[in-house]
Chemist: 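Please find one structure pasted underneath; my questions will follow.
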There are 2 protein chains.
Amino acid sequence: MTDKAASTQTDGRILRGEATRERVLDAAERLFAAQGFDATSIRRIAAEAGVTLGVVGFHGGAKQDLIRTVLERRVEALNSKRRARLAELRAAGSPPALRDLVDAYLTPYLEYASQGDPQWRAYARLIARIVSDDRWYPAVGGLYDPVAREYLHAMQQARPDAAQQELATALTLTVASMLSLVASRARIAGLSGRDAGSPMDYRDTLITFCLGGIDAVSRAP
Amino acid sequence: MTDKAASTQTDGRILRGEATRERVLDAAERLFAAQGFDATSIRRIAAEAGVTLGVVGFHGGAKQDLIRTVLERRVEALNSKRRARLAELRAAGSPPALRDLVDAYLTPYLEYASQGDPQWRAYARLIARIVSDDRWYPAVGGLYDPVAREYLHAMQQARPDAAQQELATALTLTVASMLSLVASRARIAGLSGRDAGSPMDYRDTLITFCLGGIDAVSRAP
DNA sequence: TGACAATTTATACGACTGTTCAGATAGTTT
DNA sequence: AAACTATCTGAACAGTCGTATAAATTGTCA
């Protein structure tokens with residue numbers, strides 16, 4: 001007695017139901033990332049996925065729910081990667097250095113954003129769009145906040161004398177800088193003069209910048 | 001022989017034409033800032049402004065042009081304020097210190113974003129929305145880039161040994177951090193634990209963070 | 001095989017979209 | 001006064017929007 005469908009056989013082979021569901025969510029992911037939520041119609045998603053209109057509603061529910069479904073599909077991959085890197089640092093013995101913490105938090109996301117698979121790039125782009133918008137953050141921020149809080153806690157242990165609120169603000173500015181490398185590529189490429197390469201090309205500069213910023217804030221009077 | 005209309009008298013008194021135009025642009029500014037471009041309909045703008053539908057098209061042109069018209073209306077106020085502060089620093093004698101440059105660039109924008117007049121707050125919010133979106137930046141980035149370039153030049157003089165591209169990237173990350181204080185207030189307040197005050201409340205932390213970041217980047221090997 | 005459930009199709013609904021425009025109104029000029 | 005131009009109104013246009021649903025199709029299981 002499965003709660004979802006009888007279409008998943010006992011050997012785990014995926015039938016048409018799950019497959020088209022993935023196609024729909026992939027299409028929604030790409031279009032939401034490229035154009036934003038309001039500029040993307042359900043009909044366009046259906047066309048991009050190669051299905052008819054009703055299928056999108058059948059698999060994705062209402063449009064409002066669709067965007068959260070898309071995010072939830074991959075959120076665990078990003079979270080567990082960040083958690084794993086944090087666990088590695090802790091397993092190494094003494095409390096992790098600030099630089100390693102910044103690196104461990106930023107790099108997994110930049111890797112997704114620079115990956116060959118356009119679907120993962122779209123996911124990273126969508127995160128940047130959604131998380132930095134106050135209209136969406138209340139609905140989806142809870143997906144990523146817990147891990148950020150773990151890192152914040154580790155950073156507070158690395159800088160015990162720093163004011164907690166200041167350190168937390170520094171982390172949010174770090175996240176904003178990270179997201180901007182994915183969402184504001186035109187602006188960054190335009191002003192920095194580089195050809196717009198992948199976000200990964202800016203990794204070293206980003207880490208240096210954010211680490212310097214956090215370090216400065218955690219030494220403030 | 002005026003190019004716009006015969007409704008502007010020789011003594012400069014503004015008649016109904018210009019006044020309603022302002023009302024329309026004000027309404028568009030508020031709604032675009034609060035909901036974004038795609039989620040805002042022309043009819044909603046008309047209702048908010050207290051005019052009929054056709055008036056919006058008459059004064060604002062096509063919807064695409066409307067957003068640029070809204071931004072252009074106030075762009076000179078922000079640019080000249082930043083230019084004036086830069087000129088002051090230069091008039092003081094020796095090349096400006098990095099900290100003063102960062103302060104001079106960030107503060108005028110934060111002041112607008114924290115001002116009592118909700119119209120200026122909306123303008124600041126709209127900038128944050130538009131400039132950090134690759135879909136809009138090509139159309140409006142040119143309004144703000146020249147001043148940013150002047151500051152970049154001054155920063156390069158303050159740090160002659162820094163790699164130019166790295167310094168430019170650090171400035172774009174600074175801008176991203178600044179904009180996030182206005183566009184991502186929910187996220188920042190949520191993670192930093194503060195009650196969401198005005199962006200100005202974060203000014204000191206922001207300046208410390210960005211200055212530390214730029215400083216670190218400009219010392220990189 | 002037939003009964004059953006999951007999935008897909010095709011279509012329709014009412015509401016809303018951006019844009020256009022003929023005609024009404026108001027203020028200025030001659 | 002009349003002529004003229006800028007501004008505003010109200011309505012219409014052809015699409016697109018999100019959502020719902022009856023009917024057709026597909027695969028599974030008894």
Side-chain angles (χ1 to χ4, degrees), chain A residues 1-28 31-32 34-70 135-136 139, chain B residues 1-28 31-32 34-70 135-136 139:
Chain A
M1 188 208 291
T2 58
D3 56 345
K4 282 299 278 299
S7 60
T8 302
Q9 293 183 327
T10 48
D11 61 347
R13 196 160 55 89
I14 292 179
L15 300 184
R16 61 178 178 139
E18 293 286 336
T20 59
R21 184 187 133 100
E22 291 296 307
R23 291 241 304 281
V24 167
L25 296 183
D26 282 352
L31 290 172
F32 285 156
Q35 314 177 333
F37 178 79
D38 296 305
T40 302
S41 68
I42 294 187
R43 282 173 175 79
R44 187 100 159 68
I45 294 174
E48 178 91 3
V51 300
T52 51
L53 181 59
V55 176
V56 179
F58 180 78
H59 283 295
K63 197 188 176 191
Q64 287 274 354
D65 307 331
L66 185 55
I67 196 164
R68 191 184 163 97
T69 304
V70 166
R135 252 169 92 239
W136 288 106
Chain B
M1 190 207 289
T2 58
D3 56 345
K4 283 297 281 301
S7 61
T8 303
Q9 294 182 327
T10 49
D11 63 347
R13 198 159 54 89
I14 293 179
L15 301 183
R16 61 176 180 141
E18 291 287 337
T20 59
R21 183 187 133 99
E22 291 297 306
R23 290 240 306 281
V24 168
L25 295 184
D26 282 352
L31 291 172
F32 285 156
Q35 314 178 334
F37 178 79
D38 295 305
T40 302
S41 69
I42 294 188
R43 280 173 176 80
R44 188 100 160 66
I45 294 174
E48 179 92 2
V51 300
T52 50
L53 181 59
V55 176
V56 179
F58 181 79
H59 283 294
K63 197 188 177 191
Q64 287 274 354
D65 307 331
L66 186 55
I67 196 165
R68 191 182 162 99
T69 303
V70 167
R135 254 169 90 238
W136 288 107

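Everything numeric here is computed off the predicted structure, so don't read it as measured data. Order of the sequence lines sets the chain letters (A, B, ...), proteins ahead of strands, with each chain counted from 1. Just so you know, these numbers use all the heavy atoms, side chains as well, and skip hydrogens, waters and symmetry mates.
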Chemist: I'd like to check the side-chain contact (heavy atoms from CB on, under 4.5 Å) partners of B:I42; sequence neighbours left out, ordered by chain and number.
Modeler: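 In terms of side-chain contact (heavy atoms from CB on, under 4.5 Å), with neighbours along the sequence ignored, B:I42 is linked to B:L53, B:V56, B:K63.
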Chemist: Write down the protein N/O and nucleotide N/O pairs, taken from nucleotides 16-19 of chain D, whose separation is under 3.5 Å; answer none if there are no such pairs.
Modeler:
residue	atom	partner	partner atom	Å
D:dC17	OP1	A:S41	OG	2.9
D:dG18	OP1	A:K63	NZ	2.9
D:dG18	OP2	A:I42	N	2.9
D:dG18	N7	A:R43	NH1	2.7
D:dG18	O6	A:R43	NH2	2.8
D:dT19	OP2	A:K63	N	3.1

Chemist: What is the separation between atom CZ on A:F58 and atom P on C:dA10, rounded to the nearest whole Å?
Modeler: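 Going from A:F58 (CZ) to C:dA10 (P), I get 17 Å.
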Chemist: Does C:dT8 have OP1 or OP2 under 4.0 Å away from a side-chain N or O of A:T20?
Modeler: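 For C:dT8, OP1 or OP2 has a side-chain N or O of A:T20 closer than 4.0 Å.
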Chemist: Tell me every residue that passes side-chain contact (heavy atoms from CB on, under 4.5 Å) with A:A47, counting only those two or more places apart in sequence or in another chain.
Modeler: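 Partners of A:A47 under the side-chain contact (heavy atoms from CB on, under 4.5 Å) test: none.
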Chemist: Kindly write out the residues that satisfy salt bridge (charged side-chain N to carboxylate O under 4.0 Å, His left out) with B:R44, not counting sequence neighbours, or none if the list is empty.
Modeler: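 For B:R44 the salt bridge (charged side-chain N to carboxylate O under 4.0 Å, His left out) partners, ignoring immediate neighbours, are B:E48.
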Chemist: B:D65: which residues meet the side-chain contact (heavy atoms from CB on, under 4.5 Å) condition with it, sequence neighbours left out?
Modeler: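 Partners of B:D65 under the side-chain contact (heavy atoms from CB on, under 4.5 Å) test: B:A62.
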Chemist: Residues in side-chain contact (heavy atoms from CB on, under 4.5 Å) with A:T40, at least two apart?
Modeler: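 A:L31, A:F32, A:Q35, A:I45.
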Chemist: Has B:H59 got a side-chain N or O lying under 4.0 Å from the OP1 or OP2 atom of D:dC8?
Modeler: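 Checking B:H59 against D:dC8: at least one side-chain N or O falls below 4.0 Å of OP1 or OP2.
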Chemist: B:D65 has an atom CG; how far is it from atom C1' of C:dG18, in whole Å?
Modeler: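 Atom-to-atom, B:D65 to C:dG18, this comes out as 13 Å.
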Chemist: As an exercise, state the distance from CZ of A:R21 to CG of A:D26, rounded to the nearest 0.5 Å.
Modeler: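 It comes to 11.0 Å.
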